[in-house]
Each structure stands twice: as C-alpha cells, then as structure tokens.
Amino acid sequence: MTIKNICCIGAGYVGGPTMAVIAQKCPEINVTVVDINEKRIAAWNDKDVENIPIYEPGLSKVVAEARDRNLFFSTDVDSAIYKADMIFISVNTPTKTYGIGKGMAADLKYIELCARQIARVSKDDKIVVEKSTLPVRTAEALKNILENTGNGVNFQILSNPEFLAEGTAVEDLLDPDRVLIGGDIDTKNGKEAVEALVDIYAHWVAKERILTTNVWSSELSKLTANAFLAQRVSSINAMSELCEKTGADVNEVAKAVGMDSRIGSKFLKSSVGFGGSCFQKDILNLVYIAKSFGLEEVADYWEQVITMNDHQKKRFAANIVKTLFNTVSGKKIAILGWAFKKDTNDTRESAAIYVSDYLLNEQADIVVYDPKVKEEQIYADLDYLNSRAEEENRRRVTVVNDVYKACDEAHAVAVLTEWDEFKELDWQKIYDHMLKPAFLFDGRRLLQKSAIEDIGFQFYAIGN
Ligand code: NAD
Ligand code: UDX
C-alpha cells in the first residue's frame with residue numbers, strides 16, 4: 001500500500017511540526033494540514049516563515065523547505081479528507097470541564113467530530129491514525145463511528161502517539177528514541193496499514209526504532225510514558241523540599257542518584273513544578289481510567305504526582321510572601337519567564353500562571369517578561385482562572401519586553417522559566433535598580449548562588 005496523500009486534522013503543536021517533518025523527509029507524499037482555526041492556518045501560510053504560529057527551534061527552516069512543495073496548510077477540511085489515503089487526527093484532547101469526569105477525563109468531543117467528518121466525506125478506503133493522546137480503547141469508539149456512519153468505506157485505525165517534547169520538537173521528530181505504531185496486526189488489512197505507516201517513518205528512522213504493537217498497548221504506552229516522566233519530576237521536587245529543611249542540595253542529590261545507571265540522569269531537575277499541555281491532563285486521564293475500572297489504589301498512586309506538583313507551585317509562591325516579611329501587598333514582583341519551559345511560546349499549565357495568581361491574590365503588582373510569549377496570551381491565561389475581574393488583571397499585571405525594565409524598582413524577582421538568556425543577564429545592574437533588600441527567587445536552579453549572593457541579593461533557590 002503506497003501512501004500518496006496525507007491529511008492531518010489539527011495544525012497545533014503536534015500536527016504542525018510532525019507533518020512538516022514528514023513532508024520534508026517524504027517529498028513524494030503530499031501532506032495537507034487542516035484546521036478550523038483560520039487565524040492559525042493563515043499564520044502557517046504567512047509569507048514570512050518566521051511568523052508561523054508555533055515557536056520551535058529549527059521549525060521555520062523545515063517549513064520553508066517543504067511548504068508549497070508538498071506541505072500545505074488549509075481550512076478546507078473536507079477536501080483534504082476526501083483526497084487523503086491516510087488521515088492523522090491531531091486535535092486537542094483537553095481535560096473535560098463539564099459533566100461526568102469533569103476535571104479528569106479527556107474530552108473527546110473534537111476527536112468524535114473528526115471521526116464523523118471523515119465518515120461523511122470519505123468515498124474510498126482510508127487509514128485513520130490517532131496522533132492525539134487518547135484514553136486506552138478510544139480506537140474502538142472511532143471504529144464504531146466510522147463503520148456505522150460511513151458509506152461502506154473500509155477504515156483501518158492505527159494508534160501512533162507522539163512523544164515529542166516542546167522546545168525540542170524538531171530534534172525529537174528527526175531523531176526519535178522510538179516511533180510507536182499500534183494496529184490490528186492480526187489481520188491482513190491491519191498489517192498492511194501498519195506497514196504503510198512504518199514505510200513513511202522508515203524514510204528517516206531506523207527500522208529497529210519503529211515498534212509495532214496492538215492498538216491498546218500503543219494507546220496506553222503514551223499515557224504511561226507521560227506519567228513516568230511527570231512522576232520523576234514530582235519525585236525530585238518532593239526531595240527538594242526535604243533538601244531545604246536538611247541542608248542537602250537537590251542538584252547534588254539528583255546527580256548522585258542519577259549516576260545509578262538503573263535510575264538514569266534525565267528528568268531529575270527540580271523546578272517550581274511541571275507545566276505543559278500534557279503531563280497533568282494525561283495523568284488525570286489515567287487516574288480517571290483506573291477509577292472507572294474500580295482500581296482505586298492505582299488511581300490514588302498516580303494522583304499523588306499531581307498533588308505534589310500543585311504543592312510545589314504553591315509553596316514556591318508562599319515562600320515569596322513569607323520571605324518578603326509576610327506581605328507582598330502593593331509590592332512590585334518581576335516574573336521572568338511565562339512559558340512552561342524554555343524554547344517554546346506555549347504557556348499551557350505553566351507554573352508562572354499559578355505562582356502569579358497566588359501573588360495577585362496577595363495583592364502584589366506583577367511585571368512579566370518572557371522573550372517569546374505575547375502580552376495577550378499572558379492576560380488570557382490569568383483571565384481563564386477567573387480569580388478576579390479582567391480589569392484587575394490588567395491593572396495589577398504589566399507585561400514588558402525589556403527584562404531590565406521588568407526588574408526596575410522591584411522588591412523581588414522570580415525566575416520561572418529556564419530561558420538561557422536569564423543566565424547571561426547583568427545581575428549587578430538588576431540589583432542596582434531594585435529596592436533593597438533585593439530578593440531573588442530561582443524556581444529553576446538557573447543561577448550561580450555564590451555569584452548572585454556576592455552581588456548582594458537575598459537569594460532563594462529551589463531545593464537549596
Ligand atoms: P493544539 O491545541 O495546539 O492543536 C490542536 C488543533 O486542533 C487546534 O488548532 C484546533 O483548532 C484543531 N481542531 C480541533 N478540532 C478540530 C476539528 N474538528 N477540525 C479541525 N481542526 C480541529 O494541541 P496540540 O498540543 O497539538 O495537541 C494535540 C494532541 O497531541 C493532544 O491530544 C495532545 O495531548 C497530544 N500531544 C501533544 C504534545 C505537545 O507537546 N503539545 C505532545 C505529544 C502529544
Ligand atoms: C512532555 C513529554 O516529555 C513528551 O514526551 C510528550 O510527548 C509531551 O509531554 P513537554 O510537556 O513538551 O513534553 O515538555 P517536557 O520537557 O516533558 O517538560 C514538561 C514540564 O516538566 C516542563 O514544565 C519542564 O520544565 C518540567 N521539567 C522537566 C522539570 O521540571 N524537570 C525536569 O527534569 C524535566
């Protein structure tokens with residue numbers, strides 16, 4: 001089975017970069033990425049490739065190479081589905097905000113809408129690939145919709161979860177640890193569909209790294225991988241609090257522990273708490289699935305990862321208040337970094353949002369600087385929490401594009417994203433222009449304690 005036309009529904013952080021790399025590596029395949037968000041598609045098509053809607057190192061170069069050659073962005077979802085041999089579903093699967101499973105289960109309404117649209121439009125056989133992260137056994141529901149509302153067309157459903165991390169998406173896509181493809185490997189048609197997708201990745205990924213499994217293992221592996229990664233961050237963050245009480249240093253502990261080859265050194269960086277669109281959502285989803293099977297202990301076990309993460313964000317903010325003589329009311333606090341990690345403009349679930357919200361509840365005045373996040377996004381993130389009137393958010397929060405201006409006359413500075421540029425700042429200059437005593441809170445263990453303290457800062461670093 002040779003694939004000539006691919007359609008990807010969803011031009012977001014996963015759909016955009018993933019399809020750009022497939023198009024770059026498979027010039028003989030036409031790849032059309034579609035979305036209902038007209039603004040997003042217009043940005044993907046912007047003449048100046050630096051204006052594409054997602055910031056990822058190296059992405060604009062890949063897009064520039066393939067766009068209008070065999071990579072297209074469009075809002076015409078029907079046409080792209082109609083023409084495609086293979087359709088990736090890469091739409092968002094947020095946590096439900098209503099009804100049964102509210103605050104936990106994945107909201108699959110966008111997935112179902114895609115399935116119904118594919119069923120309605122398709123006139124010939126197609127392979128449908130779940131690229132979104134989905135609860136285990138979602139493929140069953142997809143199959144049911146496709147087979148019962150289609151026009152007698154045959155659909156093969158594959159699960160091909162995406163493991164890219166933001167900020168390193170292009171690197172991760174070009175050189176993945178593994179590619180996982182779940183399919184109906186016990187049937188001839190299922191096997192052929194799996195092979196067709198394997199052939200696409202084999203353009204640039206070594207065959208040993210392409211794993212094929214049954215659909216349910218593939219779906220569950222994605223949730224498991226994210227749960228394990230987040231668990232490591234919560235584990236080291238739990239230790240960071242103990243370090244602060246005992247005089248141990250969390251970086252030293254992480255190094256000593258991580259050198260055990262059974263444990264490994266990655267994902268042991270203590271922080272103000274993990275953010276991003278995936279970890280919390282996927283663990284909550286896992287907890288919900290466990291609960292729905294009556295597995296209370298399994299659910300409780302994984303829920304602790306979230307509890308610990310919430311605690312970490314809160315205690316970081318509470319420590320600022322306590323250190324600033326138990327009140328931040330009317331005090332200016334500079335927040336350096338709003339993105340949930342460096343090298344991305346994504347702010348979903350960023351710790352900065354929750355720390356700022358906490359400080360705003362304590363009536364602080366916040367000034368934010370982030371090299372890639374736009375002012376409108378920062379206000380939207382705060383408004384979304386509904387903690388206070390939108391006007392108050394605009395009154396109490398100022399967004400600036402000069403980091404020194406952000407810190408000018410501040411009582412305290414909090415580093416919340418590990419942007420490389422924060423390491424290179426003229427911290428003496430920042431100190432000179434702050435109110436004294438000048439407090440600096442490092443939520444990322446980015447700065448050198450001795451150098452910062454020599455300048456005169458009262459310095460607090462997580463886990464130290
Ligand atoms: P996103 O919100 O950035 O993008 C999703 C896009 O889908 C949006 O632009 C939205 O307009 C579009 N969309 C929704 N319904 C649509 C429809 N019916 N027709 C056309 N377009 C539609 O989300 P994302 O970060 O790209 O995540 C997508 C999926 O991938 C999620 O399931 C997520 O869990 C998973 N995932 C994300 C990451 C990540 O790092 N962001 C990594 C791995 C997996
Ligand atoms: C994650 C997974 O890594 C990726 O495989 C999956 O496809 C999507 O979810 P992402 O959320 O983009 O990727 O970034 P990641 O690098 O995992 O970081 C998530 C959060 O954890 C960030 O806020 C980051 O700062 C934090 N983190 C990560 C730590 O605090 N310490 C660490 O050691 C690692």
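Just follow the structure's listing: the first ligand is 1, and inside any ligand the first atom is 1.
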Nearest neighbour in protein (non-hydrogen) for atom 12 (O) of ligand 2: Glu166 N, 2.7 Å
Interfacing atoms of ligand 2 (cut-off 4.0 Å, heavy-atom, Ser271): 29 (C), 30 (O)
Ser277: numbered ligand 1 atoms lying under 4.0 Å from its heavy atoms: 41 (N)
Contact atoms of ligand 1, heavy-atom distance to Tyr13 under 4.0 Å: 3 (O), 24 (P), 25 (O), 26 (O), 41 (N)
Shortest protein contact, atom 15 (P) of ligand 2 (heavy atom only): Lys341 NZ, 3.6 Å
Min side-chain heavy-atom separation Leu108-Pro135 under 4.5 Å: yes
Identity and distance of the protein heavy atom lying nearest atom 36 (N) of ligand 1: Val14 CG2, 3.4 Å
The one among Ile236, Leu416, Asn226 that brings a heavy atom closest to atom 2 (C) of ligand 2: Asn226
Nearest-neighbour protein heavy atom for atom 32 (C) of ligand 2, which is reported as residue plus atom name and distance: Lys269 O, 3.6 Å
Proximity winner for atom 13 (O) of ligand 2, if only heavy atoms of Ala230, Ala351, Pro161, Ala165 are counted: Ala165
Close side-chain approach of Lys25 to Tyr201, heavy-atom, < 4.5 Å: no
Nearest-0.5 Å distance that lies between atom OG in Ser240 and atom CE in Met308: 6.0 Å
Atom 14 (C) of ligand 1 - nearest protein heavy atom and its distance: Asn92 OD1, 3.3 Å
Taking atom 6 (C) of ligand 1 as the reference point, the nearest protein heavy atom with its distance: Asp35 OD2, 3.4 Å
Ligand 2 contact on Arg232 by region, counting heavy-atom pairs under 4.0 Å: neither
Separation between CG of Asn309 and CD of Gln280, rounded to the nearest 0.5 Å: 7.0 Å
Backbone of Leu134 reached by a side-chain donor or acceptor of Thr138 within 3.5 Å: no
Per-atom contacts, ligand 2 versus Cys278 - under 4.0 Å to a heavy atom: 8 (C), 9 (O)
Proximal candidate to atom 28 (C) of ligand 2 [heavy atom criterion; set Phe163, Tyr13, Phe267]: Phe267
Sub-3.5 Å N/O-N/O distance, Phe274 and ligand 2: no
Shortest reach to atom 17 (C) of ligand 1 by a heavy atom, considering only Ile36, Leu108, Val33: Ile36
Protein heavy atom at shortest distance from atom 11 (O) of ligand 2: Phe340 CE1, 3.5 Å
Closest to atom 24 (C) of ligand 2 among Lys266, Arg444, Glu162, Glu418 (heavy-atom distance): Arg444
Contact (N/O only, under 3.5 Å) between Lys222 and ligand 1: no
Shortest heavy-atom approach to atom 18 (N) of ligand 1 - which of Cys114, Pro53, Ala225: Cys114
Ligand 2 to Val233 polar contact by distance, N or O atoms, under 3.5 Å: no
Under-4.0 Å heavy-atom contact with ligand 2, by part of Arg445 that carries it: neither
Tyr460 and Phe439, any side-chain heavy atoms less than 4.5 Å apart: no
Mode of Leu229 contact toward ligand 2 - side chain, backbone, both, neither (heavy atoms, under 4.0 Å): side chain
Enumerated ligand 1 atoms positioned under 4.0 Å from heavy atoms of Arg40: 1 (P), 2 (O), 3 (O), 4 (O), 8 (C), 9 (O)
Lys342 touching ligand 2 at heavy-atom level, < 4.0 angstrom: no
Close-contact set for ligand 2 against Leu268 heavy atoms, below 4.0 Å: 33 (O)
Which segment of Ala169 sits under 4.0 Å of ligand 1 when only heavy atoms are counted: neither
Test of proximity, Glu166 against ligand 1: N or O pairs below 3.5 Å: yes
Any N or O of Thr133 closer than 3.5 Å to N or O of ligand 1: yes
Ser234 side, atom OG; Ile283 side, atom CD1 - distance, nearest 0.5 Å: 7.0 Å
Mode of Glu112 contact toward ligand 1 - side chain, backbone, both, neither (heavy atoms, under 4.0 Å): neither
Proximity winner for atom 29 (C) of ligand 1, if only heavy atoms of Ile111, Ile89, Val91 are counted: Val91
Asp343/Trp419 under side-chain hydrogen bond (donor to acceptor under 3.5 Å, both in side chains): CA gap, chis, key distance, verdict: CA-CA 7 Å; Asp343 292 338; Trp419 287 105; over 6 Å; no
Identity and distance of the protein heavy atom lying nearest atom 19 (N) of ligand 1: Ile9 CG2, 3.5 Å
Part of Ser132 with heavy atoms under 4.0 Å of ligand 1, whether side chain, backbone, both or neither: both
Close-contact set for ligand 1 against Ser90 heavy atoms, below 4.0 Å: 5 (C), 28 (C)
Heavy-atom nearest neighbour in the protein, as seen from atom 19 (C) of ligand 2, with distance rounded to 0.1 Å: Phe279 CE1, 3.6 Å
Ligand 1 N/O within reach of Asp346 N/O, cut-off under 3.5 Å: no
Test item: Thr307 and Gln304 side chains (from C-beta on) under 4.5 Å apart, heavy atoms: yes
Heteroatom proximity flag, Thr93 to ligand 1, N/O under 3.5 Å: yes
Distance filter under 4.0 Å to Leu164 heavy atoms, resulting ligand 1 atoms: 40 (O), 42 (C)
Distance filter under 4.0 Å to Lys222 heavy atoms, resulting ligand 2 atoms: 6 (C), 7 (O)
Leu164: numbered ligand 2 atoms lying under 4.0 Å from its heavy atoms: 4 (C), 5 (O), 6 (C), 7 (O), 8 (C)
Identity and distance of the protein heavy atom lying nearest atom 43 (C) of ligand 1: Glu162 O, 3.1 Å
Atom 23 (O) of ligand 1: the protein heavy-atom neighbour that sits closest, reported with distance to 0.1 Å: Arg348 NH1, 3.6 Å
Shortest protein heavy-atom distance from atom 33 (C) of ligand 1, along with the residue and atom involved: Lys281 NZ, 3.8 Å
Region of Gln117 engaging ligand 1 - heavy atom pairs below 4.0 Å: neither
pair Leu142-Glu130: side-chain heavy atoms closer than 4.5 Å: yes
